[in-house]
Amino acid sequence: MCGILGIIGNYEVVGDIYRGLLSLQHRGQDSAGIITYSDRFNIKKGNGLVSEIFKEKNLSYLKGNIGIGHVRYPTIGGGKAEDAQPFYVNIPSGIIMAHNGNVINYTQLKKELEEVNLRHLNSKSDVEAILNVFASKLEKRGKVNIDNIFASVKEVYKKVEGSYSVIAYIRNKGLLAFRDPVGFKPLIYGKKDANYAFASESVALDTLGYKRIRDVKAGEAIFIDTNGKEYSKILGNKKHRPCIFEWVYFARPDSVIDGISVYGARLRLGKELAKTVKKLRLPIDLIIPVPDTSRAAAITLSEELNIPYREGLIKNRYIGRTFIMPQQAMRKMSIRLKLNPIEGEIKGKNILIVDDSIVRGNTSRQIVQLIKEAGAKKIFFASYSPPLRHPCVYGIDMQTRSEFIAKNKSIKDIEKEIGTDKLIYQSYEGLIKGVSGGENMKFCTACFDGKYPTPVDEKILKKIETERKMDKENE
Ligand code: SF4
C-alpha cells in the first residue's frame with residue numbers, strides 16, 4: 001500500500017505535493033519522495049514521514065511546475081532508502097515514475113530487462129521494473145508522441161503482472177497516469193483552473209482545492225501534455241476488481257473511491273454487521289470501536305442494536321498504524337503505546353469491541369486484555385469484515401498463510417486465543433453489500449475467499465512467502 005500524487009500546472013507545485021502527501025500519509029509511513037521538473041529533475045527522498053524528510057530548504061530546492069510525490073509502505077524489498085520512489089530513467093527523454101501496487105513477476109521482469117534489454121535495475125523497488133519496461137518499449141518506438149506513449153502502456157499491461165496505479169512524467173511531454181487492467185488500486189484525477197492532479201485518494205485533491213473529475217478507469221491511461229491538453233484511452237480489457245480493503249481499512253473515510261464514499265461504506269458495514277449480532281442476542285451494555293477506522297461501523301451498529309456507543313479506547317495520534325508497521329516487535333509495543341482505555345466507561349459492563357478486521361489476532365488479543373484490565377464483565381469482539389485467510393499478492397503485507405489466525409482455526413479456537421467471550425465476523429454477503437451499497441459492483445476479495453482476479457498459483461504464493469520471510473529476516 002502506497003500513496004501517489006502528481007501535478008502538472010502553471011505554478012510551483014512542490015508546496016501542493018507536500019501538502020497532498022501529508023493527506024496521503026496514512027497509506028505509508030516508511031518512506032517518502034518528491035521529484036519535480038524545472039529545467040532539470042530535482043529529487044528528494046528518504047526513509048521516514050513526509051514531515052521528517054522535507055524541510056524548508058528541500059522544498060525551496062524542488063522547483064518546477066510539474067512533480068510527482070510518493071509515500072511508501074514496502075512491498076518487495078526491505079524498505080531501504082534507495083527503494084524510495086519516485087524513480088528516474090534517462091532514456092528516452094527522461095522519465096520519472098511512482099506507483100502504488102505490487103508487481104508479481106518482478107524477478108522475471110528484472111532478469112529480462114537486464115539480459116535482453118540491457119537495462120539495469122538499481123533497487124529492489126518494483127516500480128523500477130515498470131518504469132524500465134515502459135521506457136524500453138517507448139525507446140524502441142522511436143518518437144515520443146501520444147500514440148507511442150499509449151502503445152507502450154499497453155505493452156506494460158502485457159508484461160507486468162500484479163497491481164499498479166502509476167503516475168509518470170515524460171520530460172517536456174506531459175504527465176501520464178494509468179491503472180492496471182484490473183484496477184486494483186485507486187487513482188483519481190482532478191482539475192483546478194488549468195492545472196491537473198492525479199492522486200491515490202480524493203482527499204488529496206480536496207485538500208489542494210482541486211475539483212474531482214473522475215477515477216481513472218481500470219486499464220485506462222490518461223495523458224496531460226505540457227499545453228494542458230488531455231488524452232485518454234482504455235488499453236486493458238479485464239474486468240474492474242478494485243481492492244475491497246480500501247473501503248474496509250486503508251483509505252481515509254473522507255475519500256471517495258470509484259464513486260463509493262469510504263465513510264458511507266463503513267457506515268453500511270456496521271449496519272450489515274448488526275444483522276449477525278442481533279441474531280445472537282448477546283447481553284451487550286456498550287459498543288466501543290477500535291479507533292480510528294472502526295468508528296463509523298460502530299456508530300451504525302449501535303444505532304441498529306439500540307445500544308450506547310462510547311469512545312472507550314483513546315488513541316495516541318502520534319503513534320503510527322500498527323497494521324502497517326513491518327516488524328512484529330514494533331507492532332506489539334505500539335499497541336500499548338497507542339491505545340488507552342477509559343476505565344469509568346468500561347468497568348462492570350459487557351462490552352462489544354468493534355474492529356475492521358483480524359489478521360494475526362495479536363492486536364485483538366491485546367485490545368481484549370486492555371478492556372479486561374479496565375474492569376469489563378464480559379467482552380465480545382466483532383470484525384466488520386469476514387475472516388482473512390489468504391495472502392494478498394497485490395501489495396498488502398498481510399503475512400504468509402500460516403500467520404492468519406483464521407486460516408486453520410475454528411471460531412471457538414480464535415475466541416480462546418484472543419480471550420473474548422464471543423467473536424462475531426461480518427458475513428461475506430454483508431461485506432459486499434456494505435461496501436457496494438447495493439450497486440452492481442465487483443471487487444477483489446481474494447484475501448477473504450482466495451479468488452484472485454489474476455492468475456495466482458501455488459508457485460507464486462510460495463515465492464511471495466519466501467520473499468517476505470527473507471525480508472523479515474533482513475529487517
Ligand atoms: S487480496 Fe485483499 S487486500 Fe489484496 S487487493 Fe485483494 S482485496 Fe485487497
Side-chain angles (χ1 to χ4, degrees), residues 1-4 26-28 72-76 99-106 126 160-166 179-187 200-201 215 218-219 236 238-252 255 257-258 260 262 265-266 269 293 321-324 326 355-360 383-401 403-407 425-436 441-458 460-465 467-468:
M1 178 168 87
C2 297
I4 50 176
H26 60 285
R27 298 187 69 85
R72 179 191 67 183
Y73 176 75
T75 49
I76 288 177
H99 93 317
N100 170 30
N102 186 45
V103 174
I104 295 176
N105 59 337
Y106 169 82
D126 46 0
V160 183
E161 293 166 21
S163 68
Y164 40 94
S165 278
V166 172
R179 212 168 160 185
D180 70 68
V182 174
F184 287 102
K185 306 289 175 187
L187 190 60
S200 289
E201 286 185 37
D215 295 271
K238 294 208 172 117
K239 293 204 174 97
H240 188 195
R241 295 284 184 271
C243 164
I244 204 160
F245 234 87
E246 290 286 346
W247 290 275
V248 170
Y249 174 80
F250 300 137
R252 254 176 65 156
S255 281
I257 296 176
D258 291 320
I260 301 173
V262 175
R266 288 180 191 162
L269 284 166
T293 327
R321 293 179 123 190
T322 54
F323 183 82
I324 58 172
D355 207 351
D356 49 76
S357 56
I358 305 172
V359 186
R360 308 162 197 87
S383 158
Y384 67 77
S385 63
L388 284 163
R389 296 196 173 104
H390 306 273
C392 176
V393 297
Y394 304 117
I396 310 303
D397 184 18
M398 281 194 195
Q399 312 307 301
T400 53
R401 283 169 285 184
E403 287 174 289
F404 286 106
I405 193 164
K407 182 64 190 170
Y425 276 111
Q426 178 81 272
S427 67
Y428 182 79
E429 295 69 33
L431 170 75
I432 303 296
K433 213 169 149 199
V435 174
S436 68
M441 191 160 164
K442 299 248 172 26
F443 303 91
C444 173
T445 53
C447 45
F448 299 109
D449 61 9
K451 292 181 184 154
Y452 295 93
T454 61
V456 172
D457 55 19
E458 192 55 30
I460 292 175
L461 292 174
K462 280 237 164 76
K463 191 175 149 284
I464 283 176
E465 284 182 359
E467 279 167 357
R468 288 203 172 141

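All ligand and atom numbering here is 1-based and tracks the order in the structure. It should be emphasised that the depicted structure is a prediction, and the values quoted were computed from it without experimental measurement.
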| said: By the definition side chain to side chain contact (heavy atoms under 4.5 Å, CB included), identify the one residue from Val182, Val103, Val456 that meets it with Tyr394. | reply: Val456

| said: Quick check on contacts: which atoms of ligand 1 are under 4.0 angstrom from a heavy atom of Tyr394? | reply: 5 (S)

| task | Would you check, one step at a time, whether the test ring pair (Phe, Tyr, Trp, His ring centres under 6.0 Å) holds for Phe184 with Phe443? | result | CA-CA 8 Å; Phe184 287 102; Phe443 303 91; over 10 Å; no

| query | Does the side chain of Val359 come within less than 4.5 Å of Tyr249's, by heavy atoms? | reply | no

| Yes or no on side chain to side chain donor-acceptor pair (under 3.5 Å) for Tyr384 and Asp355, after CA distance, side-chain angles and deciding distance? | CA-CA 6 Å; Tyr384 67 77; Asp355 207 351; over 6 Å; no

| said: At less than 4.0 angstrom from any non-hydrogen atom of Ala446, what atoms of ligand 1 do you find? | reply: 1 (S)

| field | Among Cys444, Gly395, Ser385, closest by any non-hydrogen atom to atom 7 (S) of ligand 1 | value | Cys444

| query | Heavy atoms only: which of Ser163, Cys243, Pro242 is nearest to atom 5 (S) of ligand 1? | reply | Cys243

| field | Min side-chain heavy-atom separation Met441-Pro242 under 4.5 Å | value | yes

| task | Under 4.0 Å from a heavy atom of Cys447: give me the atoms of ligand 1 that qualify, with their elements. | result | 1 (S), 2 (Fe), 3 (S), 7 (S)

| message | Using 2.8 Å as the threshold, say whether any N, O or S atom from His390 sits that close to atom 2 (Fe) of ligand 1. | response | no

